[in-house]
Amino acid sequence: MTEPEESPRVDRRTALQWMLAASASLSSIPVQGAAAVTAKGYGRDPDLMPVYKPGELWPLTFSTEQRNLAIVLCDLIIPSDEASPNASSVGVRDFLDEWISSPYPQQAPDRNLLLQGMEKLNEEARKKGATGFVSLAEEDQTALCQDLAIHARKDPKGTGRFFLRLRDLVAGGYYTTPVGIKDLGYRGNVAMPSWNGPSPEALAHLGLEAEG
Amino acid sequence: MVSGRKMPRMSAATGFDWLNDREGIAFGKELKEDARRYYGSFQGIGAQGMMPPNDDCYCDLDPEVKDQWGIPALRFHWKWSDDELKQVAHQQKAMASILESMGARFKRPPETDNPLKAIKQGGKIIHEVGGAIMGADSTKSVSDRWSRTWDVPNLILADGAPFPGTADKNPTLTIFALAWRAADHLVEELKRGNV
């Protein structure tokens with residue numbers, strides 16, 4: 001009876017060595033689906049009434065493999081816990097795809113950065129015998145992310161650029177959804193039918209008494 | 001960085017890494033913890049000051065540049081004085097002490113020793129006033145008590161030009177008041193047949 005294959009392990013030294021080389025070689029990786037964006041934007045007076053589905057404003061980019069990898073990365077960066085769900089369950093995967101597919105100059109640098117970074121993750125996994133990053137064991141995926149996180153802190157404009165940007169985009173996508181906003185505890189303006197002044201407790205805190 | 005608990009934007013949960021001693025940037029469980037802990041806990045303070053007239057701020061006629069009618073253009077000279085830089089150093093110190101007493105940690109340290117780094121470029125801020133100072137003496141001022149220029153009797157300055165300098169607060173209401181006063185006076189002059 002054959003033993004089930006163990007998921008290949010990515011050792012820390014290999015990961016670090018890769019990332020040191022990454023900043024030089026990142027731009028030379030051919031990326032699937034990274035053709036230039038030719039879509040027009042939504043203009044200066046978009047119709048704000050409809051709910052737009054992903055891909056309705058402009059064509060999306062991710063292949064099936066890239067979509068699956070994006071889901072894994074989203075949930076490594078924002079997992080679920082007792083208070084709130086993970087990032088993929090609130091659509092951050094689609095958000096990333098829309099972002100990198102956007103025809104606007106603000107998002108343009110992120111397109112190649114993310115696509116190439118994701119492909120590099122797959123390359124590293126394949127060197128270890130896996131079919132891609134998604135088929136690595138979760139501990140190995142996490143270990144790789146931890147190395148990338150160190151680079152993001154130490155060299156945010158160089159070897160850490162991809163992971164820093166990915167982290168910031170996933171966080172931005174998550175915490176601007178109703179679920180994420182609630183998780184932060186944002187309250188905003190709340191309509192009140194009446195207002196009777198500060199509470200007795202608030203006044204007592206300041207050493208004052210209610211009038212009348 | 002956004003002050004206070006404003007509606008979350010793309011930057012709502014990023015930019016907190018400097019607050020921790022971790023080896024890498026936050027992701028996963030730590031990112032969620034950081035977001036809940038630090039969102040809305042940032043505060044910034046800005047200050048505005050008053051620039052009294054100084055001898056390095058004046059305009060003269062440009063010796064070379066003329067406008068399309070051949071009239072020499074105005075040439076403006078302008079320079080910060082020690083008054084402004086000292087104000088800024090004091091503001092930085094005062095704002096820093098308010099924030100420190102609230103228990104703040106500085107993302108950007110106050111510029112008490114180098115106010116030139118903190119002061120914004122001249123002309124960048126709003127609420128600019130002055131330039132045609134109001135006064136009782138026509139040799140020492142440009143406009144009279146009715147906001148009317150001494151030299152051009154049918155020219156009334158209904159904006160912030162007659163101010164001698166920046167006031168304590170936003171100038172709009174005072175500009176309104178002076179403009180209203182000038183208009184009332186103009187109406188009276190019309191009735192008297194002086195216009």
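Below, read A as the first sequence line, B as the second, and so on, with proteins coming before strands; counting in each chain starts at 1.
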Ring centroid separation B:Tyr39 to A:Tyr175 under 6.0 Å: no
Sorted by chain and residue number, the salt bridge (Lys or Arg N to Asp or Glu O under 4.0 Å) partners of A:Arg165 (sequence neighbours excluded) come out as A:Asp110
Ignoring hydrogens and geometry, is there a side-chain-to-backbone donor-acceptor pair from A:Arg167 to B:Leu31 under 3.5 Å? no
Between chain B and each of A:Ala152, A:Ser84, A:Ala171, count heavy-atom pairs under 4.5 Å; write down the option with the most. A:Ser84
Quick check for you: to the nearest 0.5 Å, what is the distance between B:Met7 atom CE and A:Arg187 atom CZ? 15.0 Å
Any side-chain heavy atom of A:Tyr186 within less than 4.5 Å of one from B:Lys6? no
Does atom CZ (B:Phe176) have a neighbourhood of more than 12 heavy atoms from anything else shown, all under 6.0 Å? no
Calculate, to the nearest 0.5 Å, the distance between atoms CZ and CG belonging to B:Arg5 and A:Leu184 respectively. 8.0 Å
pair A:Asp168-B:Met10: side-chain heavy atoms closer than 4.5 Å: no
Atom pair CG/CD1 of A:Leu164 and B:Ile25 - distance to nearest 0.5 Å: 5.0 Å
Using 0.5 Å steps for rounding, measure from the CZ atom of B:Arg22 to the CD1 atom of A:Ile150. 12.5 Å
Can you establish whether the number of heavy atoms outside A:Tyr42 located under 6.0 Å from its atom OH is more than 12? no
Partners passing ring-ring contact (aromatic ring centres under 6.0 Å, His included) against B:His185 (at least two apart in sequence or in another chain): B:Trp146
Counting only heavy atoms from other residues, nucleotides and ligands, does the tally under 6.0 Å from CG of B:Asp56 exceed 12? yes
Does CZ belonging to A:Arg126 count more than 12 external heavy atoms closer than 6.0 Å? yes
Charged N-O contact under 4.0 Å between A:Asp81 and B:Lys32: yes
Does atom CD of A:Glu56 have more than 12 heavy-atom neighbours from other groups under 6.0 Å away? yes
Can you confirm whether B:Asp113 is buried at CG, in the sense that more than 12 heavy atoms of other residues, nucleotides or ligands lie under 6.0 Å from that atom? no
Below 4.5 Å, heavy-atom pairs only: which of A:Ile78, A:Asp183, A:Leu169 has the largest tally toward chain B? A:Asp183
Quick check for you: among A:Ala83, A:Pro79, A:Gly185, which has the greatest number of heavy-atom pairs under 4.5 Å with chain B? A:Pro79
